[in-house]
Amino acid sequence: MAIALNRVFFDTNVYIIGAADPNTYESRLLQWVGFGEEEPSSVEVVVSEELFDQILRVAKRLKNKDWGGELLGRIWQNLNVCYVLLDADEFSRVEALGIIPREDVGVYLTAKTGKAQCFVSSNHELIRALAEQTGEFECLNPEEFANKYLG
């Protein structure tokens with residue numbers, strides 16, 4: 001039996017893919033936490049300025065800057081968020097270790113600082129690095145998460 005989740009972290013790709021295509025596992029995950037729903041889930045979703053910056057950057061490339069703003073608005077309005085501030089010194093320390101790809105240090109620290117129980121990403125390289133090197137939280141791709149926690 002799966003443990004009850006109280007707090008999760010969704011990587012940038014979960015928000016972008018889930019919002020862009022309703023026929024994906026990413027979309028199911030977003031609906032599960034209340035994205036686009038009238039009431040948020042009791043599950044907290046860990047976010048940070050780093051995550052928001054990535055969402056805005058990718059959304060602007062794929063559609064436009066307004067879409068990125070819309071996604072952030074839906075996160076704030078529809079989700080039960082746990083907003084964390086990242087420590088610049090810790091960012092530098094983790095980056096210097098070279099365990100996690102440089103571009104992913106911010107999302108890793110967001111999940112770690114927010115004490116996420118599960119880290120969900122479509123980035124298989126990142127999931128493998130986190131699971132093997134840190135062991136701090138469960139790391140799953142969206143399909144694995146949906147199968148394990150959403151049935």
Atom [atom1] of [X] and atom [atom2] of [Y]: how far apart are they, to the nearest 0.5 Å?
{"X": "E143", "Y": "L150", "atom1": "CD", "atom2": "CG", "answer": "12.0 Å"}
{"X": "E50", "Y": "T113", "atom1": "CD", "atom2": "OG1", "answer": "11.5 Å"}
{"X": "F10", "Y": "L30", "atom1": "CZ", "atom2": "CG", "answer": "6.5 Å"}
{"X": "E37", "Y": "Q31", "atom1": "CD", "atom2": "CD", "answer": "5.5 Å"}
{"X": "Q54", "Y": "I16", "atom1": "CD", "atom2": "CD1", "answer": "10.0 Å"}
{"X": "N23", "Y": "I17", "atom1": "CG", "atom2": "CD1", "answer": "13.0 Å"}

Original post:
Does the separation of the ring centres of W32 and F145 fall below 6.0 angstrom?
Top reply: yes

Residues 56-76, side-chain donor-acceptor partners within the protein, below 3.5 Å, at least two apart:
| unit_1 | atom_1 | unit_2 | atom_2 | d |
| --- | --- | --- | --- | --- |
| N64 | OD1 | D66 | N | 3.0 |
| N64 | OD1 | W67 | N | 2.8 |

**OP:** Answer yes if the side chains of E144 and Y25 hold a donor-acceptor pair under 3.5 Å, and no otherwise.
**Re:**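 No, Y25 and E144 have no side-chain donor paired with an acceptor closer than 3.5 Å.
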
[X] side chain to [Y] backbone, donor-acceptor under 3.5 Å:
{"X": "D87", "Y": "D89", "answer": "yes"}
{"X": "N80", "Y": "S42", "answer": "yes"}
{"X": "R7", "Y": "G114", "answer": "yes"}

